Structure formats: structure tokens, C-alpha cells
Amino acid sequence: MTLKSKTAVITGSTSGIGLAYARALAAEGVNVLINGFGKPEDIEAERAKLESDFGVKAVYSPADMGRPDQIAEMVTLGKSTFGTVDILINNAGIQHVAPIETFPIDKWDQIIAINMSSAFHAMRAVIPMMKAQGWGRIISTASAHSLTASPFKSAYVTAKHGLAGLTKTAALELATFKITVNCISPGYVWTPLVENQIPDTMKARGMTREQVINDVLLVAQPTKQFVTPEQVAAIAVFLCSDAAAQITGANISADGGWTAA
Ligand code: NAD
């Protein structure tokens, strides 16, 4: 079976890993709904490029993944544009780093909502369609932090562990419907988000670029190399294939050995 003319909703896909998912699926002929924040002209350029590079249809939803009503509207837009949703990728995510005792309560609520609960709301909206058509793929970007912890990232680690638990539960509920549910857990991925931290960290710690990369960013990643967004996206494409039909409820690490240590 080919993925051509299937449709995917990909949250948080205006940059980084999400955009790589959109481009990798579009390269397989999948029509895509992209979502996320950014400058309207940049988002429109990426949307148009998906169509011109791959000959698929691409639509944009500005839904805020912190808002259940907007998540439902995003899925409705996918359905009204493409007729159905075959693939859901829960990818939107944010981070905040602070000790628990001073962790801002609004940041905790926001991270739990965007990084974890949004996946529940999106699954809730797409599952009836997937059940009715007898095929579906649900993939979430978890993190090495769905398997292990780091200090000062309480909300992120909690949300990502929760996302991995939700993945397993949904996989069991949907096991007999030809719908697979999995998560991918990257280590440090080279995205603009990570790249932009380097100059500030160099200044703050008086380090060279190499020292920041090796002694701060890649300290826990045994290969001492970043994961690329394209490597993460290639796992998602595989999970959408027939070859992966028996992979469900899995949490697939792509972390350069981080969680093996
Ligand atoms: P990124 O900042 O480049 O992308 C995040 C995307 O989410 C953007 O499109 C942004 O606009 C969108 N977004 C943020 N808040 C949103 C909201 N409320 N509603 C809708 N969209 C929203 O970051 P990234 O590195 O590509 O991260 C993508 C996912 O991968 C996240 O879930 C992140 O936790 C996870 N992840 C990243 C890394 C890494 O090292 N970069 C490692 C492991 C997991």
C-alpha cells in the first residue's frame, strides 16, 4: 500500500521536527495540514513550498494546542479539506526550565496542556474517522525525557512521560482497528531552537561553540552528534508504512544512546 493521497494532520509543524515530518510525508504524496506559530508570510511560504515541491495539497491551521476547542477546529478543517484524516502527528511542544519551588504555575499548566493534553484532544477527534475507515496512524513526538529525567524540567518530563503512557493506552484501545499508535523519543535534535541557544550559552558560560555543543548540549548523548529532524521524520514515515503495521504502543528512541546509559 502506498501513502499517496493519504492525509496527515501534524501539530507544531511550522518549524523544526514538525516541518520535517510534513516535508517527509509530502514527499510520499501525503496531503498535509500544518499547524503552529510564526510569521504569517513565513508560514505561507512553507505551505506553498510543500505544494510546489511535492505536488500535494497543504493547508494551514493556526490552532493553539493549549486550547481543546481550537484542536477540534483544526481536525474539522482537515476533514473538510481532505475528506478524512489518516495520519495524526502530535508534535507541538514547548519547554521551561526552573526548579520546582519557583516553577511558574502558568508555565506548568501550559506545558501539560500543549505537550501532553493536546495529544488526547487530537486523538479524541480523529479516532472516530480512523475507526470508520479501518486504517490510521497516530504518532507523537515524545522525547528522551519520556524515559528519563533531568533536573529543572519537571513539567516537560511529566508531560512527555504522560504522552508515552497515553500512547500505550491508545494502542491497546485501537489494536483491532488497524490503527497503530506510537511515539518517537529523540535526544537533542538540531533545530533552530537548539541552534539559537548556542551564542547566549557561549556568552553566559564563557565557552567556545565547541565546548557548548559537547559539554552542555551533547553531554548526555553518547554519539556526541545531534539527531537531525530528517532522521526523526524518516521514523514517522516508516511507522506509516505497511511494514510497521505490527508496531504499536512502542516508544522508539532516536537519542544517540542517551537512554542506554
Ligand atoms: P520548534 O520550537 O522548532 O517547534 C515547535 C513547534 O510547535 C513550532 O511549530 C511552534 O510554532 C509549535 N507550537 C508551539 N506552541 C504551540 C501551540 N500552543 N500551539 C500550536 N503550535 C505550537 O521545536 P522542535 O525542536 O522542532 O520540537 C518539536 C517537538 O519535538 C516538541 O514536542 C519537542 O518537545 C520535541 N523534542 C525536541 C527535541 C529537540 O532537541 N529539539 C528533542 C526531543 C523532543
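Counting starts at 1 for both ligands and their atoms, in listed order. Everything numeric here is computed off the predicted structure, so don't read it as measured data.
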Which heavy atom of Asn31 sits nearest a heavy atom of Lys57, and at what distance?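 Looking at all heavy atoms of both residues, the shortest contact is OD1-N, 2.8 Å.
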Over all heavy atoms of both residues, which pair between Val227 and Asp255 is shortest? Give the atoms and the distance, please.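 The pair with the smallest heavy-atom distance is CG2-CA, 4.4 Å.
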Under 3.5 Å: N or O atoms of ligand 1 paired with protein N or O:
{"residue": "ligand 1", "atom": "3 (O)", "partner": "Ser15", "partner atom": "OG", "Å": "2.6"}
{"residue": "ligand 1", "atom": "4 (O)", "partner": "Ser15", "partner atom": "OG", "Å": "3.4"}
{"residue": "ligand 1", "atom": "9 (O)", "partner": "Gly12", "partner atom": "O", "Å": "3.4"}
{"residue": "ligand 1", "atom": "9 (O)", "partner": "Thr14", "partner atom": "N", "Å": "3.3"}
{"residue": "ligand 1", "atom": "9 (O)", "partner": "Thr14", "partner atom": "OG1", "Å": "2.7"}
{"residue": "ligand 1", "atom": "11 (O)", "partner": "Thr14", "partner atom": "OG1", "Å": "3.3"}
{"residue": "ligand 1", "atom": "11 (O)", "partner": "Phe37", "partner atom": "N", "Å": "2.8"}
{"residue": "ligand 1", "atom": "11 (O)", "partner": "Phe37", "partner atom": "O", "Å": "3.4"}
{"residue": "ligand 1", "atom": "18 (N)", "partner": "Asp64", "partner atom": "OD1", "Å": "2.9"}
{"residue": "ligand 1", "atom": "19 (N)", "partner": "Met65", "partner atom": "N", "Å": "2.8"}
{"residue": "ligand 1", "atom": "25 (O)", "partner": "Thr191", "partner atom": "OG1", "Å": "3.3"}
{"residue": "ligand 1", "atom": "26 (O)", "partner": "Ile17", "partner atom": "N", "Å": "2.8"}
{"residue": "ligand 1", "atom": "32 (O)", "partner": "Asn91", "partner atom": "O", "Å": "2.7"}
{"residue": "ligand 1", "atom": "32 (O)", "partner": "Lys160", "partner atom": "NZ", "Å": "3.0"}
{"residue": "ligand 1", "atom": "34 (O)", "partner": "Tyr156", "partner atom": "OH", "Å": "2.6"}
{"residue": "ligand 1", "atom": "34 (O)", "partner": "Lys160", "partner atom": "NZ", "Å": "3.1"}
{"residue": "ligand 1", "atom": "40 (O)", "partner": "Val189", "partner atom": "N", "Å": "2.8"}

Flag for Asn251-Ser146: side-chain donor and acceptor within less than 3.5 Å: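 On atom types as modelled, these side chains qualify, holding a pair under 3.5 Å.
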For Asn35 and Ser13, does a side-chain donor sit closer than 3.5 Å to a side-chain acceptor?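 Ser13 and Asn35 do not have a side-chain donor-acceptor pair below 3.5 Å.
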Would Tyr156 and His96 count as a close aromatic pair, with their ring centres under 6.0 Å?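 No, ring centres 6.0 Å or more apart.
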Return yes when atom NZ of Lys224 has more than 12 non-hydrogen atoms of other residues, nucleotides or ligands closer than 6.0 Å, and no otherwise. yes
